[in-house]
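In the text below, chain A, chain B and the rest are named by the order of the sequence lines, each starting its count at 1. Values reported hereafter were calculated over all heavy atoms of this structure, with side chains retained and with hydrogens, waters and symmetry mates removed.
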Amino acid sequence: MIKIQLQLFAHKKGTGSSHNGRDSNAQRLGTKAHNGQLVTAGSIIVRQRGTRFHVGNNVGIGSDYTIYATVEGKVAFERLGRDKRQISVYPVEVEA
Amino acid sequence: MIRIDMEKNLNGFIVGYTVNGHAGFAPEGQDIICSAVSTLTMVAINGLEEHLHREVSYEISDGHMQVELKQTPDDLSQAILATMEIGLKDLAEQYPKRVRIQEHRR
């Protein structure tokens, strides 16, 4: 004698599985030094993907498009042409 | 879709049946088509075993049922199985997208 299972041929709730649920680690991109901030030579100003900011004066760009200062001075975010932006570092005159 | 396969011998007697799939008519607990198929196919097993004391082998799991008559079919076992088949055919007619029944001779 079997017990009648009325929902033997019904879709069971919650048996579906999702194919999502994966993500890469955060890459901590973004600006590390802000406009007017004093930075030392070699310090990173911006971590970015591609050239959201272009190279201005006294800065260098790494292979991963990281922009860093090549001299000690103040950071300046400037416009480049109509719709681009660049970053420069200007040495600060030390009062004698 | 629930797929039902009726196994018949050369004399047209039902010797077994297999039921696979899900009706997908409504969520679990509210699927009236699933419960109709479940009831018809399970009551037939109980009728054969409890009322006619026939030997029946069956395999039942979620969305799957396979039943086989272990003894030579006779008029009494056919009364139960043919009644079940009539009910299943009626369901398949009313809900062609949810229930499909096919006959196989062996």
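Rounded to the nearest 0.5 angstrom, B:S61 OG and A:L8 CG are separated by 7.0 Å. If you take CG on A:L6 and CG on B:D31, they are separated by 10.5 Å, rounding to the nearest 0.5 Å.
Neither the backbone nor the side chain of B:I33 comes within less than 4.5 Å of any heavy atom of chain A. With a 4.5 angstrom heavy-atom cutoff, B:V19 touches chain A via backbone and side-chain atoms both. Within the 4.5 angstrom heavy-atom criterion, only side-chain atoms of B:Y58, from C-beta onward, approach chain A.
Counting heavy atoms of neighbouring residues, nucleotides and ligands inside a 6.0 Å radius, atom CZ of B:R105 exceeds 12 of them. Crowding of B:D75 atom CG: a count of heavy atoms from other residues, nucleotides or ligands under 6.0 Å not exceeding 12. No more than 12 heavy atoms of other residues, nucleotides or ligands shown are found within 6.0 angstrom of NZ on A:K74.
Under the 4.5 Å side-chain contact rule for hydrophobic residues, B:L81 and B:F13 do not share a cluster. Using a 4.5 Å cut-off between side-chain heavy atoms of Ile, Leu, Val, Met, Phe, Trp and Tyr, with links allowed through other members, A:L29 and A:V55 fall into different hydrophobic clusters. The hydrophobic cluster containing B:I4 also contains A:I2, counting ILVMFWY residues as joined when their side-chain heavy atoms lie under 4.5 angstrom apart, directly or transitively.
B:E28 contributes no side-chain N or O that, together with a main-chain N or O of A:A10, makes up a donor-acceptor pair within less than 3.5 Å.
Listed by chain and number, the residues in a side chain to side chain donor-acceptor pair (under 3.5 Å) with A:S88 are A:E78 (sequence neighbours excluded). Every residue two or more places apart in sequence or in another chain that forms a salt bridge (charged side-chain N to carboxylate O under 4.0 Å, His left out) with B:K89 is listed here: B:E85.
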Candidate pair A:F9 and B:M65, rule side chain to side chain contact (heavy atoms under 4.5 Å, CB included), full reasoning: CA-CA 9 Å; A:F9 299 103; B:M65 175 189 291; 4.0 Å; yes
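Nearest approach of B:M42 to A:I4, heavy atoms of both residues: SD-CA, 3.5 Å.
The closest side-chain heavy-atom distance from B:I45 to A:M1 is not below 4.5 Å. The closest side-chain heavy-atom distance from A:Q7 to B:C34 is below 4.5 Å. By the 4.5 Å heavy-atom criterion applied to side chains, B:I60 and A:Q5 are counted as neighbours.
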